[in-house]
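All residue numbers in this chain count up from 1 along the given sequence.
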Amino acid sequence: MDRLPFVTDLSARNPDWWRQAVVYQVYPRSFADADGDGLGDLRGVTGRLSHLAALGVDALWLSPFYPSELADGGYDVEDHRDVDPRLGTLADFDALAAEAHRLGLKVIVDLVPNHTSHRHPWFQEALAAGPGSAARARYVFREGRGPHGELPPSDWQSVFGGSAWERVPDGQWYLHLFARQQPDLDWSHEEVREDFRTTLRFWSDRGVDGFRVDVAHALTKDLTEPLRDLGAPAPSGEEALAGLPPGTHPFYDRDEVHEIYRDWRRVLDSYSPPRTAVAEAWVPGARRALYARPDELNQAFNFEYLQAPWDADAIRRVITDSLATARAVGASATWVLSNHDVVRHPSRLMLPPGTDENAWLLSGGTAPAVDEARGLRRARAATLLMLALPGSSYVYQGEELGLPEVAGLPVDVLRDPLWEQTGRTRKGRDGCRVPLPWTAAGPSYGFGAGGAWLPQPEWFARYAVEAQDGVAGSTLELYRTALRLRRKLFDGEEPTWLPDTPPGVLAFARSGGRRCVTNLSATPVPLPPGEVLLSSTPLPDGTGPNPLPPDTTVWLA
Ligand code: NOJ
C-alpha cells in the first residue's frame with residue numbers, strides 16, 4: 001500500500017503543509033463587515049480570524065478582494081495587485097496576513113488569470129487604441145463574420161449564457177468566456193505572462209502561502225483562423241469536454257496550458273518555503289491531476305466528491321478514483337463539498353438525483369421541498385466522511401454552521417451576472433453568498449453594524465455562530481471536534497475498504513485500526529464494534545447492539 005506523506009508539522013517552514021491541510025474559504029464581501037457599509041471587508045476578516053483558529057483549520061483562502069466593479073463578485077479584476085477601496089487597503093491586507101500567521105493560519109489568495117475586468121487599464125487602452133493595435137493583442141479581438149462583420153467570429157458560448165463574443169463600437173469583437181465585463185486575455189502574449197509572474201511575486205513577497213487559480217484550464221486557446229465552431233448550442237461548462245479526445249477542445253484543457261504552470265512553479269519555488277497553488281479546473285479525473293504535478297501547481301480541486309449523489313457505491317468510486325489519480329502524479333487528493341459557485345451541500349444532498357437545480361432555485365426552494373433536518377444530517381455525515389480521508393479538505397464559510405442554501409432570494413436582489421446574461425432564466429449563485437450570521441439578533445446578525453448586501457432570512461438566527469458556540473451537538477462544535485481529532489487520528493496511509501458492509505454503507509479503516517463508517521441508506525444498520533470517537537448525529541442510548549442510524553458517519557477506534 002502506498003503511503004502519502006502525512007504532515008503534522010504545519011510550521012511556517014514546512015514545504016508540505018498543504019498536503020493534509022483543511023483550508024477555509026472566505027468570500028470576503030459576505031464574511032464580516034467592519035465598516036458597516038453592508039459589504040464585507042478585510043478588516044472584518046481580520047477581526048474574525050479567531051473563529052478560524054478556534055475552528056482548527058490550517059489555512060484560509062480569500063476569494064478576490066481586488067479592485068472590481070463586482071460584475072462577477074470580484075472575479076472581474078481591475079488591478080491584480082491592489083485591494084478594492086471598499087474592502088480596505090494593502091495595509092489592511094498586510095495586517096490580515098500578519099494576524100493569520102500569528103494564529104498559525106496560512107493565507108491563500110485567488111488569482112484570476114483567464115480574464116480581467118473590462119475596466120482594467122489594459123482593456124481600456126485596447127478599446128481606445130483600435131483594431132490591429134498592440135494594446136488589443138493582449139486580449140482576443142477578432143473581426144466578425146457575415147458581409148458586414150455583424151456576426152460573432154465563432155459560435156463559442158459564454159459560461160454565463162449567450163455568445164462568448166461582444167462587439168465594440170468600431171466593429172471588432174472580443175472574447176469573454178464569462179461575463180461580457182470579463183474580457184479574456186491572450187496568453188500567447190509575453191507581456192501577459194510577465195505581468196502574472198509579477199503578480200505571483202507581489203503577493204508572495206507580502207507573505208502569502210499559496211494561490212487558488214481561477215479557471216486554470218481555460219488560459220490557452222486555439223485561435224488559429226478560421227476559428228473552429230463547436231456546433232450550437234455548444235455546452236459551455238465542464239460538460240464541453242465529454243466525448244472529446246483530450247486536449248482537442250479549442251479553449252478548455254489544452255496541453256499548452258501546462259507550460260504556464262511549469263513557468264509559475266519556477267517562480268513559486270524561488271520562495272522559501274515554496275508557495276503552493278491549487279487549480280480550479282473543471283476537468284475529468286486523470287487530466288485534472290496533471291495540473292497538480294509537482295512541477296506545476298501541487299493541487300487541483302476535485303469536484304467529483306461534490307458532484308456525487310448521496311449513494312454509497314458512487315461515493316466509494318469517487319474516493320477510490322480520486323486517491324488513485326492524485327497518487328499517480330505525486331499529489332495529495334483534495335475534497336470539497338461547498339464553495340461560492342454551488343448550492344450549499346445541506347440543501348444539495350437532499351435534491352433527488354437529476355433535479356434541475358435552477359428550477360429548484362426558481363421555485364424558491366419549494367419544488368421539491370427539502371427536509372432541512374435531514375439535509376443537515378447528510379451534510380454532517382458527508383463532512384465527517386471527508387475529514388477522515390487522506391488529503392486536503394476545502395471548507396466554505398458557513399458550512400461549519402450547517403447553513404443551507406438561501407433558495408428563496410427574491411429575484412430583484414440578485415447580483416450574479418448569470419441572472420441578467422441568461423435573460424433572467426438562471427437564478428445563479430447568490431443563494432450561497434448571503435452574508436454570514438454571527439449573532440442570533442442584531443441588524444445583520446452580527447455581519448456588521450449596518451445591513452447586508454444580500455438579504456438574510458430570519459431563519460439565519462438559528463444557525464448563527466452565537467447560537468451554536470459551546471452548544472453540545474451543534475454543527476459548529478462538531479466541526480471543531482472533528483478538526484481537532486482528525487489530526488490525531490488519521491495518518492497518511494490510504495484507506496482500506498472493509499469487507500462485508502451492508503448495502504448503502506461505506507466503511508474504511510485507516511492505520512491504527514481507526515475506522516470511518518457512513519450509513520447512506522434509509523434504514524438503520526448494526527453499528528460495528530469498537531469505541532465511538534465521534535458521530536455526526538447523536539447515537540441512540542441503550543443497552544445491547546446499537547444501530548447506526550441513516551445519514552450518519554461515525555469514527556471508531
Ligand atoms: C470561477 C469562480 O469560482 C467563479 O465564481 C467565477 O464566476 C468564474 N471562475 C469566472 O472568474
task = Kindly indicate, with the supporting measurements, whether the criterion side chain to side chain donor-acceptor pair (under 3.5 Å) is fulfilled by Y394 and T334.
result = CA-CA 7 Å; Y394 287 79; T334 63; over 6 Å; no

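- To the nearest 0.5 Å, the span separating CG on L219 from CZ on F196 amounts to 8.0 Å.
- The pair R433-D341 meets the salt-bridge criterion, with a side-chain N (NZ, NE, NH1 or NH2) lying under 4.0 Å from an Asp/Glu carboxylate O.
- Salt bridge status for D58 with R487: present, with a side-chain N to carboxylate O gap under 4.0 Å.
- Using a distance-only test at 3.5 Å, with no hydrogens or angles considered, a donor-acceptor pair links the side chain of Y305 to the main chain of A382.
- Residues V517 and L506 have side chains not in contact (no heavy-atom distance under 4.5 Å, counting atoms from C-beta outward).
- Under the 30°/60° scheme for interplanar angles, the aromatic rings of H258 and Y261 are found to stand perpendicular.
- Atom NE2 of H217 is separated from atom CG of L241 by 6.5 Å, given to the nearest 0.5 angstrom.
- Between H80 and F202, the ring center distance fails the sub-6.0 Å criterion.
- Side-chain N/O atoms of W18 and D209 include no donor and acceptor closer than 3.5 Å.
- Taking 4.5 Å as the limit, every side-chain heavy atom of Q307 sits out of range of all side-chain heavy atoms of V342.
- For the pair S338 and L306, the tightest heavy-atom approach, listed with the atom from each and the gap, is N-CD1, 4.3 Å.
- The pair D469-R480 meets the salt-bridge criterion, with a side-chain N (NZ, NE, NH1 or NH2) lying under 4.0 Å from an Asp/Glu carboxylate O.
- One finds no salt bridge joining D295 and R265 here, because no Lys/Arg side-chain nitrogen approaches an Asp/Glu carboxylate oxygen to under 4.0 Å.
- Ring pair F93/W203: centre-to-centre distance below 6.0 Å.
- Checking Y75 against D110 by side-chain atom types alone, a donor-acceptor pair falls below 3.5 Å.
- The distance between the ring centers of F31 and W438 falls below 6.0 angstrom.
- R288 approaches E304 most closely through the heavy-atom pair NH1-OE2, 2.9 Å.
- Rounded to the nearest 0.5 angstrom, R486 CZ and L534 CG are separated by 13.0 Å.
- In this model, a donor atom of one side chain and an acceptor atom of the other lie less than 3.5 Å apart for Q299 and S392.
- The closest side-chain heavy-atom distance from L476 to H51 is below 4.5 Å.
- Considering only heavy atoms from C-beta on, S63 comes within 4.5 Å of P28 through its side chain.
- Using a 4.5 Å heavy-atom threshold, the side chains of D551 and T537 count as separate.
- Salt bridge status for R287 with D255: present, with a side-chain N to carboxylate O gap under 4.0 Å.
- Closest non-hydrogen pair, P368 versus W360, comes out as O-NE1, 3.0 Å.
- Within the 4.5 Å cutoff, the side chain of V109 has heavy atoms near those of the F65 side chain.
- Under a 4.0 Å N-O distance rule, the pair D94/R206 qualifies as a salt bridge.
- Checked against the 6.0 Å centroid criterion, the rings of W264 and F211 do not qualify as a close aromatic pair.
- Annotation: side chain of E372 is not in contact with side chain of M350 (no heavy-atom distance under 4.5 Å).
- In this structure the side chain of P274 never reaches within 4.5 angstrom of the side chain of L268, judged on heavy atoms.
- Checking each of R212, H340, E399, Q397 against Q25 for a side chain to side chain donor-acceptor pair (under 3.5 Å) leaves exactly one that passes, namely H340.
- Pairing each heavy atom of P495 with each of F508, the nearest pair is CB-CD1, 3.5 Å.
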(Q) For a salt bridge (charged side-chain N to carboxylate O under 4.0 Å, His left out) check, start with the C-alpha distance between E99 and R102, then their side-chain angles and the critical distance, and finish with the verdict. (A) CA-CA 5 Å; E99 177 62 1; R102 193 186 69 77; 2.9 Å; yes

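- Between the CG atom in L454 and the CG atom in D430 there is a gap of 5.0 Å [rounded to 0.5 Å].
- Remark: the backbone N or O of V215 is paired with a side-chain donor or acceptor of E280 at under 3.5 angstrom.
- Across L539 and P549, no two heavy atoms sit closer than the pair CD2-CD, 3.7 Å.
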